[in-house]
Amino acid sequence: QMILADIDQNSYLNIIDVVELVNIIMGFSNRYLSLSDQVDELKIGFTASSILINTQGNIGGIQINTEGDYLITDVILPADWEYFNGPAGIVILNLSGKSGKLDVNIIYEGNLQITDHLASDLFGNSISSSLFEIPNEFFISNPYPNPFNPIANLDFGIPTDCNISIDIYNIQGRLIESLLNGNMGAGYHTIHWNAEAYSSGMYFINIHANPINSNNMEQSIKTQNLLL
């Protein structure tokens, strides 16, 4: 039975075989599947309480191998996707044969560790996948070094995709430089400020985070001071 299920004949049963079996059972032809958009890489985000996947393209299925003592408490999936959880981990499977927006939120309690991950496109081809950590809430670190001369660094994290603006103000409260104004993905980021054009003194760095299509976070503004 295992030999029959091992569609790609690599001596392992995984999400690649499952996607190919679904195509056979559902009668999805290569012509039908080729109508879907390609995706080059799948990024899997994780926090202390959830696994998050947000992408667009022809994802056929995702396998996430896990360890630890945990309990899945909620699973949010698009229509025509199915979720399975067992001792070896988590599998989510696209039963539509079509590409589209994939927005997944798997919420858990306890100690969950991801030991491996594998993604397949709709044809049963392996897709490169990677993990990245997402903070539970918006935060910014203390600038470093501080005092600095002339480059300062600031780490910050956002729990969801946001429009981010980062501005520098002088001691009089006047805006002297805008470092960033644009969309950034959920995760951890670092911004650098080169102040060689400015005189010594106290400055303030202001970060405004405005979430994009999310109920998990409100608009937030945080400020840190820097000494040049």
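Given the structure is predicted, the values throughout are model-derived calculations rather than measurements.
- Between the CG atom in L42 and the OG atom in S128 there is a gap of 8.5 Å [rounded to 0.5 Å].
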- [ ] Decide side-chain hydrogen bond (donor to acceptor under 3.5 Å, both in side chains) for K43 and N54; before the verdict, give the C-alpha distance in whole Å, the side-chain angles of both, and the deciding distance to 0.1 Å.
- [x] CA-CA 8 Å; K43 294 185 177 181; N54 192 322; over 6 Å; no
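- Side chain of N85 to backbone of G89: a donor-acceptor contact under 3.5 angstrom is found.
- Residues forming a side-chain hydrogen bond (donor to acceptor under 3.5 Å, both in side chains) with W81 (at least two apart in sequence, or on another chain): none.
- I92 and L131 fall within a single hydrophobic cluster, where Ile, Leu, Val, Met, Phe, Trp and Tyr side chains are chained together by heavy-atom contacts under 4.5 Å.
- Rounding to the nearest 0.5 Å gives a distance of 13.0 Å between OG1 of T55 and CG of L52.
- Residue N111 qualifies as enclosed at atom CG: its count of foreign heavy atoms under 6.0 Å is above 12.
- Within the 4.5 Å cutoff, the side chain of N153 has heavy atoms near those of the P145 side chain.
- Tested against I51 for a side chain to side chain contact (heavy atoms under 4.5 Å, CB included), the candidates N105, V104, I114 yield a single pass: I114.
- Between I140 and T223, the shortest heavy-atom distance links the atoms CD1-N, 4.0 Å.
- What you find for A186 and D161 is that their closest heavy atoms are N-OD1, 2.9 Å.
- Under the side-chain hydrogen bond (donor to acceptor under 3.5 Å, both in side chains) criterion, Q113 pairs with no residue, sequence neighbours left out.
- Expressed to the nearest 0.5 Å, how far OH of Y108 lies from CG of L71 amounts to 12.0 Å.
- A distance-only check finds no donor-acceptor pair linking the side chain of S220 to the backbone of A209 [under 3.5 Å].
- The number of heavy atoms from other shown groups lying within 6.0 Å of CD (E67) does not exceed 12.
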TODO: Please assess I207 against I164 for the test side chain to side chain contact (heavy atoms under 4.5 Å, CB included), listing each intermediate value before the final yes or no.
DONE: CA-CA 7 Å; I207 300 184; I164 299 290; 4.2 Å; yes
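- Under the 4.5 Å side-chain contact rule for hydrophobic residues, Y198 and L227 do not share a cluster.
- At least one donor-acceptor pair closer than 3.5 Å links the side chain of Q63 to the backbone N or O of I15.
- Closest non-hydrogen pair, F138 versus K222, comes out as O-CE, 3.3 Å.
- No continuous path of ILVMFWY side-chain contacts below 4.5 Å connects M202 to I205, so the two sit in separate hydrophobic clusters.
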TODO: Show your working on side chain to side chain contact (heavy atoms under 4.5 Å, CB included) between F156 and M184 and close with a plain yes or no.
DONE: CA-CA 11 Å; F156 66 97; M184 299 192 77; 3.7 Å; yes
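- In this structure, S96 and N94 approach most closely via the heavy-atom pair OG-OD1, 2.7 Å.
- Annotation: side chain to side chain contact (heavy atoms under 4.5 Å, CB included) contacts of V75 (sequence neighbours excluded): I72, L77, Y83, I106.
- For T190, the side-chain hydrogen bond (donor to acceptor under 3.5 Å, both in side chains) test picks out D155, with sequence neighbours left out.
- The shortest distance between side-chain heavy atoms of K101 and P78 does not fall below 4.5 Å.
- The closest side-chain donor-acceptor pair between S165 and N181, if any, does not fall under 3.5 angstrom.
- Looking at I59 and I53, their side chains never come closer than 4.5 Å, going by heavy atoms from C-beta outward.
- By the criterion of side-chain heavy atoms lying less than 4.5 angstrom apart, applied directly or through intervening Ile, Leu, Val, Met, Phe, Trp or Tyr residues, I221 is not grouped with L180; the two fall into different hydrophobic clusters.
- Ring orientation note: the planes of W193 and F148 are tilted relative to one another, at an angle of 30° to 60°.
- Rounding to the nearest 0.5 Å gives a distance of 6.5 Å between CD1 of I212 and SG of C162.
- Residues L179 and I168 are in side-chain contact: their nearest non-hydrogen atoms beyond the backbone lie under 4.5 Å apart.
- Using a distance-only test at 3.5 Å, with no hydrogens or angles considered, no donor-acceptor pair links the side chain of T47 to the main chain of N136.
- Atoms CG and CD1, on L112 and I90 in that order, are 6.0 Å from each other to the nearest 0.5 Å.
- Across all their heavy atoms, I134 and F132 have their closest contact at CG1-CE1, 3.5 Å.
- Here CD1 of I107 is found 7.5 Å from OG of S49. Values are rounded to the nearest 0.5 Å.
- Scanning for side-chain hydrogen bond (donor to acceptor under 3.5 Å, both in side chains) contacts around H208 gives Q219, with sequence neighbours left out.
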- [ ] List the steps and the verdict of side chain to side chain contact (heavy atoms under 4.5 Å, CB included) for V19 and L122.
- [x] CA-CA 7 Å; V19 170; L122 287 169; 5.6 Å; no
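- With sequence neighbours excluded, the residues satisfying ring-ring contact (aromatic ring centres under 6.0 Å, His included) with F139 are Y188.
- N146 places none of its side-chain heavy atoms less than 4.5 Å from the side chain of N142.
- The side-chain heavy atoms of L118 and S129, taken from C-beta on, include no pair separated by under 4.5 Å.
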Task: Residue pair H117, I62: steps toward the side chain to side chain contact (heavy atoms under 4.5 Å, CB included) verdict - done: CA-CA 7 Å; H117 46 88; I62 302 167; 5.9 Å; no
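- The two atoms that bring S120 and G124 nearest to each other are OG-CA, 3.2 Å, heavy atoms only.
- Side chains of E109 and Y70 form no contact here, defined as non-hydrogen atoms less than 4.5 Å apart.
- When hydrophobic clusters are built by joining Ile, Leu, Val, Met, Phe, Trp and Tyr residues whose side-chain heavy atoms come closer than 4.5 Å, directly or via intermediates, I151 is not grouped with F204.
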